[in-house]
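These numbers were taken from a predicted model, which means no experiment stands behind them. One-based numbering, in listed order, for ligands and for the atoms of each.
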Amino acid sequence: MIRISGLSFKYEGGRDDALKNIDMTVCKGDFLGVIGSSGAGKTTLLHAINGIIPHHFHGDYYGSVKVNGLDTVDNKPEDLAGRVGSVRQDFESQMVSSVVEDEILFGLENFSVPRNTIEKRLTDALEKTGIKNLRERNIATLSGGQKQKVAISAIIALMPDILILDEPTGELDPQSSRQIFQLLRELNENHGITIVVVEQKIMLLCEFARKLAVMNCGRVILQGRVSDVLKKSRDMERAGVNCPRVVTLADRLRDEGLYDGAIPVNIPEAEKMVRSIMG
Ligand SMILES: Nc1ncnc2c1ncn2[C@@H]1O[C@H](COP(=O)(O)OP(=O)(O)O)[C@@H](O)[C@H]1O
Ligand SMILES: [Mg+2]
């Protein structure tokens, strides 16, 4: 569980607070999506959860973040790393090895995963992200999307309680992006891993996440179940988040008193909505 209370943070040398008085609880087993325009504070929020803030980035820090009861101020990212796995936005800077399998082994060996389970963890992780065939490849020769999958494999091999991902599909095509979200769902549903993911592809996010947090100028302006947050599409647009057209359509229909059902997040659901109105 992640409990964030009254968290404000200003980067050293920064002009404004990057996070402003954030209160948020992420329960065990949640699948939370975080959205917001560029500069809203999404990456900073994730840094505050995995302890990179305040340990690597310094600044003015108020409030508290507790991860499974441990205050991140008193526990370094390395100490939390067995519980919290992070795939950073600049995932390439996270990589330490030149060959794919070494990258994944590095983490497994560092976290003293029992020797006899290492090979299985390695092959499972590569299989889950669909890159078994890349196992012996040199990372430098891979595409951006393939590297992204390597970074994700290295983290899921560690089977953390909480998985934090910052725009994990940024370099991926629609099909691979879906594959990653299907993987996150599998980890969430079958292994109980708590997921916090920042994602720009809002339709994809809404289909897979169960909760949403919308950020704007360092604040969390909306949070809750996906269907409830989507009902506030005007607030989201004001925060610079481009809502899917089906969502804004549903919202307008609700305003007109024509529709009272769930907000559709894809075309088939939108079709059902329109049919229900047409009688
Ligand atoms: N290392 C840093 N030093 C100073 N300011 C920073 C630093 N990193 C981010 N910021 C500022 O903090 C704010 C939030 O940034 P960020 O969390 O990266 O937003 P997002 O991930 O939503 O795009 C921005 O105004 C950004 O310029
Ligand atoms: Mg970011």
Side-chain angles (χ1 to χ4, degrees), residues 2 4-24 26 31-65 67 72-73 76-77 80 84-95 144-145 147-149 151-152 155 162-172 177 180-181 184 195-206 208-209 211-224 226 229 232-233 235-243:
I2 304 165
I4 302 175
S5 325
L7 177 67
S8 294
F9 182 74
K10 184 156 85 98
Y11 285 98
E12 206 166 61
R15 219 191 295 151
D16 205 3
D17 284 1
L19 297 177
K20 295 173 188 156
N21 198 18
I22 293 189
D23 290 302
M24 181 184 264
V26 183
F31 191 147
L32 170 72
V34 181
I35 53 175
S37 57
S38 174
K42 306 180 295 295
T43 296
T44 306
L45 179 65
L46 298 194
H47 282 344
I49 296 173
N50 60 27
I52 289 182
I53 288 175
H55 295 282
H56 294 184
F57 287 113
H58 305 285
D60 298 337
Y61 185 105
Y62 297 94
S64 77
V65 178
V67 177
T72 55
V73 169
K76 294 208 171 81
L80 296 168
V84 187
S86 305
V87 179
R88 293 170 59 167
Q89 191 165 8
D90 57 345
F91 59 90
E92 289 196 43
S93 69
Q94 218 174 339
M95 297 190 163
K147 285 182 193 162
Q148 202 153 28
K149 289 183 183 172
I152 295 172
I155 299 300
I162 300 170
L163 190 53
I164 308 245
L165 307 103
D166 199 350
E167 306 198 15
T169 71
E171 302 264 347
L172 300 179
S177 302
I180 293 300
F181 269 87
L184 296 183
I195 310 266
V196 179
V197 56
V198 171
E199 175 61 56
Q200 304 276 1
K201 300 181 181 100
I202 177 171
M203 288 288 265
L204 187 66
L205 187 61
C206 291
F208 286 89
K211 290 186 180 162
L212 264 192
V214 183
M215 295 191 70
N216 188 30
C217 299
R219 291 181 200 282
V220 173
I221 58 160
L222 295 169
Q223 57 178 323
V226 170
V229 169
K232 307 265 168 66
S233 73
D235 294 336
M236 289 168 78
E237 304 232 309
R238 235 174 273 133
V241 174
N242 287 320
C243 286

Q) N/O/S atom of Thr43 under 2.8 Å from the Mg ion (ligand 2), yes or no? A) yes
Q: Output the list of atoms in ligand 1 that are nearer than 4.0 Å to some heavy atom of Ser38, sorted by atom number.
A: 23 (O)
Q) When rounded to the nearest 0.5 angstrom, what is the spacing between NZ in Lys147 and CD in Gln94? A) 14.0 Å
Q) Looking only at N/O atoms, are Gly41 and ligand 1 under 3.5 Å apart anywhere? A) yes
**Q.** For atom 18 (O) of ligand 1, the protein heavy atom that lies nearest, with its residue and separation
**A.** Thr43 CB, 3.7 Å
Q. Is a donor on one side and an acceptor on the other found under 3.5 Å between the side chain of Lys42 and the backbone of Val34?
A. no
Q) For ligand 1, which atoms sit closer than 4.0 Å to a heavy atom of Ala18? A) 12 (O), 13 (C)
Q. Less than 3.5 Å between some nitrogen or oxygen of Gly39 and one of ligand 1, yes or no?
A. yes
Q: Using distance alone, determine whether Ala40 and ligand 1 share an N or O pair under 3.5 Å.
A: yes
Q: Around atom 6 (C) of ligand 1, find the nearest protein heavy atom and jot down its residue, atom name and distance.
A: Tyr11 CD1, 3.2 Å
Q | Lys232 atom NZ, over 12 foreign heavy atoms within 6.0 Å | A | no
(Q) With a cutoff of 4.0 Å, is Gly218 in contact with ligand 1, counting heavy atoms of the residue only? (A) no
Q. Is the shortest N/O to N/O distance between Thr44 and ligand 1 below 3.5 Å?
A. yes
**Q.** Asn21 backbone acceptor or donor facing Ser8 side chain under 3.5 Å
**A.** yes
Q) Purely on distance, is any nitrogen or oxygen of Lys42 under 3.5 Å from one on ligand 1? A) yes
Q: Measure across Thr72 and His55 and return the closest heavy-atom pair with its distance rounded to 0.1 Å.
A: O-NE2, 2.6 Å
**Q.** Approximate separation, where rounding is to 0.5 Å, of Asn242 CG and Gln200 CD
**A.** 10.0 Å
Q: Look at the side chain of Gln148 and the backbone N and O of Glu171, then say whether any donor-acceptor pair between them is shorter than 3.5 Å.
A: yes
**Q.** Any protein heavy atom nearer than 4.0 Å to atom 27 (O) of ligand 1
**A.** no
**Q.** Numbering as shown, the atoms of ligand 1 that approach Ser37 to under 4.0 Å (heavy-atom distance)
**A.** 22 (O)
Q. When the aromatic ring centroids of Phe57 and Tyr11 are compared, is their separation below 6.0 Å?
A. yes
Q.
Closer than 2.8 Å to the Mg ion (ligand 2): does that hold for any N, O or S atom in Thr44?
A. no
Q) What heavy-atom pair brings Met236 and Val229 nearest, and what distance separates the two atoms? A) SD-O, 3.7 Å
